[in-house]
Engineer: 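Pasting a structure below so you can have a look.
Because the structure is predicted, anything quoted here is derived from the model rather than measured.
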Amino acid sequence: MKELRDIARLSDRFISVELVDESLFDWNVKLHQVDKDSVLWQDMKETNTEFILLNLTFPDNFPFSPPFMRVLSPRLENGYVLDGGAICMELLTPRGWSSAYTVEAVMRQFAASLVKGQGRICRKAGKSKKSFSRKEAEATFKSLVKTHEKYGWVTPPVSDG
């Protein structure tokens with residue numbers, strides 16, 4: 001509840017939240033802003049995309065475990081968004097998570113990662129309309145976590161932002 005109240009108080013309308021079926025454990029989050037100098041922001045303007053819609057599902061022991069987060073729409077390519085809308089970010093894994101993280105902080109980090117990873121709105125015929133599925137996102141996320149546990153996570157230099 002505190003997280004929800006804090007987001008409602010944001011003055012910059014960076015994100016907005018709607019509960020799924022009135023559940024405090026299942027949120028649809030609209031990301032309204034990314035870096036205005038990015039190609040993703042240009043894509044959003046050119047395609048009249050007002051926001052990037054994400055779904056966050058919180059475990060019973062939140063904030064001690066991370067939420068499962070995935071992109072619902074629009075279909076994105078690059079930007080660390082993978083099959084099913086899964087998101088490749090260490091902070092969304094048990095190893096990278098801290099109970100001190102807020103949803104707002106996670107969303108700001110995600111927005112920065114999208115831009116850093118050169119995320120774009122998919123415009124390929126046939127592919128851009130295909131919706132992401134939760135099952136596919138969960139399988140992709142499990143696979144990427146397993147890969148990173150084996151080979152490590154690459155942390156970009158501080159000079160990269």
Side-chain angles (χ1 to χ4, degrees), residues 14-18 20 23 25-59 61-98 101-158 160-161:
F14 170 67
I15 58 174
S16 59
V17 173
E18 295 172 1
V20 176
S23 170
F25 295 96
D26 196 3
W27 295 11
N28 281 343
V29 178
K30 293 177 180 176
L31 172 63
H32 298 278
Q33 298 174 18
V34 295
D35 182 343
K36 290 188 167 122
D37 293 328
S38 70
V39 290
L40 181 57
W41 182 255
Q42 280 305 121
D43 284 356
M44 289 176 74
K45 291 296 161 208
E46 289 171 11
T47 60
N48 294 317
T49 302
E50 294 180 32
F51 53 82
I52 296 168
L53 182 63
L54 299 110
N55 177 259
L56 276 72
T57 307
F58 298 91
N61 63 343
F62 180 82
F64 303 105
S65 291
F68 177 69
M69 185 167 120
R70 67 188 180 106
V71 175
L72 297 178
S73 68
R75 191 168 185 92
L76 300 174
E77 28 186 37
N78 303 325
Y80 308 106
V81 177
L82 307 172
D83 292 345
I87 299 165
C88 183
M89 282 178 53
E90 184 177 19
L91 72 80
L92 293 174
T93 68
R95 183 178 138 196
W97 180 254
S98 166
Y101 291 141
T102 63
V103 171
E104 177 191 0
V106 170
M107 295 305 296
R108 290 193 188 275
Q109 182 64 42
F110 172 68
S113 292
L114 269 177
V115 170
K116 180 72 180 158
Q118 300 173 350
R120 303 290 306 262
I121 292 177
C122 181
R123 299 187 200 193
K124 292 178 186 145
K127 214 175 181 189
S128 65
K129 299 296 182 214
K130 185 181 175 222
S131 61
F132 286 136
S133 80
R134 180 179 180 90
K135 189 175 181 178
E136 187 180 22
E138 287 173 343
T140 301
F141 187 75
K142 281 181 188 171
S143 175
L144 76 88
V145 168
K146 195 181 288 185
T147 299
H148 284 297
E149 283 174 354
K150 185 174 181 178
Y151 298 106
W153 291 83
V154 176
T155 304
V158 176
D160 284 356

Engineer: For W41 versus D35, what's the shortest heavy-atom pair and its separation?
Structural biologist: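 Scanning both residues completely, I find the closest heavy atoms to be CB-O, 3.3 Å.
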Engineer: Quick one: does any side-chain atom of N55 pair with a main-chain N or O of V29 as donor and acceptor, under 3.5 Å?
Structural biologist: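 No, the answer is negative, given that no donor and acceptor are paired below the 3.5 Å cut-off.
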Engineer: Taking the side chain from W97 and the backbone from P67, do they hold a donor-acceptor pair closer than 3.5 Å?
Structural biologist: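 Between the backbone of P67 and the side chain of W97 there is no qualifying donor-acceptor contact (under 3.5 Å).
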Engineer: I'd like to check R95 versus V145 (side-chain heavy atoms, cut-off strictly below 4.5 Å). Are they in contact?
Structural biologist: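 Counting from C-beta outward, R95 and V145 never come under 4.5 Å.
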Engineer: Let me see the working for V81 and F110 under side chain to side chain contact (heavy atoms under 4.5 Å, CB included), right down to the final yes or no.
Structural biologist: CA-CA 10 Å; V81 177; F110 172 68; 4.3 Å; yes
Engineer: At their closest point, which heavy atom of G117 faces which heavy atom of N78, and how far apart are they?
Structural biologist: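 Minimum heavy-atom separation between G117 and N78: O-CB, 3.5 Å.
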Engineer: Under 4.5 Å between any side-chain heavy atoms of C122 and L76, yes or no?
Structural biologist: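 No; the side chains remain at least 4.5 Å from each other.
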Engineer: Output the distance between atom NZ (K30) and atom CG (L54), rounded to the nearest 0.5 Å.
Structural biologist: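 CG of L54 is found 12.0 Å from NZ of K30.
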Engineer: Can T47 and R123 be counted as having a side-chain donor-acceptor contact under 3.5 angstrom?
Structural biologist: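 No, R123 and T47 have no side-chain donor paired with an acceptor closer than 3.5 Å.
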Engineer: Roughly how far apart are Y80 OH and L114 CG, rounded to 0.5 Å?
Structural biologist: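 So the OH of Y80 and the CG of L114 are separated by 10.0 Å.
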Engineer: Could you grab the distance from atom CZ of F62 to atom CG of L56, nearest 0.5 Å is fine?
Structural biologist: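 Answer for the CZ-CG pair, F62 versus L56, is 8.5 Å.
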Engineer: What is the distance from atom CG of L40 to atom CZ of R120, rounded to the nearest 0.5 Å?
Structural biologist: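 Taking CG in L40 and CZ in R120, the distance rounds to 8.0 Å.
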Engineer: With rounding to the nearest 0.5 Å, note down the distance linking CG in N48 to CD in E50.
Structural biologist: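 If I round to the nearest 0.5 Å, the distance is 8.0 Å.
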Engineer: Using the six-membered ring of F14, assess whether NZ or CZ of R108 lies under 6.0 Å from its centre and within 45 degrees of the ring axis.
Structural biologist: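 Because its charged atom sits under 6.0 Å from the ring centre and within 45° of the axis, R108 does stack over F14.
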Engineer: So which atom in V106 and which in M89 form the shortest heavy-atom distance, rounded to 0.1 Å?
Structural biologist: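 For V106 and M89, the tightest heavy-atom pair comes out as O-CE, 4.4 Å.
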Engineer: Taking all atoms of both residues into account, what is the closest heavy-atom pair of A137 and R70, and its distance?
Structural biologist: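 The pair with the smallest heavy-atom distance is CB-CD, 3.8 Å.
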Engineer: Does any non-hydrogen side-chain atom of L144 lie less than 4.5 Å from one of T93?
Structural biologist: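 Answer no - side chains too far apart.
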Engineer: For a quick test of reading the model, state the closest non-hydrogen atom pair linking N61 to S65 and the distance between them.
Structural biologist: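 Looking at all heavy atoms of both residues, the closest pair is ND2-OG, 2.9 Å.
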Engineer: Pair Q109, L91 - check side chain to side chain contact (heavy atoms under 4.5 Å, CB included), show working.
Structural biologist: CA-CA 9 Å; Q109 182 64 42; L91 72 80; 3.4 Å; yes
Engineer: Supply the atom-to-atom distance Q42 CD to I121 CD1, rounded to the nearest 0.5 angstrom.
Structural biologist: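 Answer for the CD-CD1 pair, Q42 versus I121, is 11.0 Å.
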Engineer: Should K142 and E138 be marked as a salt bridge (charged side-chain N to carboxylate O under 4.0 Å, His left out) after you check the CA-CA gap, both sets of side-chain angles, and the distance that decides it?
Structural biologist: CA-CA 6 Å; K142 281 181 188 171; E138 287 173 343; over 6 Å; no
Engineer: Report yes if some heavy atom in the side chain of V71 is under 4.5 Å from a heavy atom in the side chain of S73; otherwise report no.
Structural biologist: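 No - every pair of side-chain heavy atoms lies 4.5 Å or more apart.
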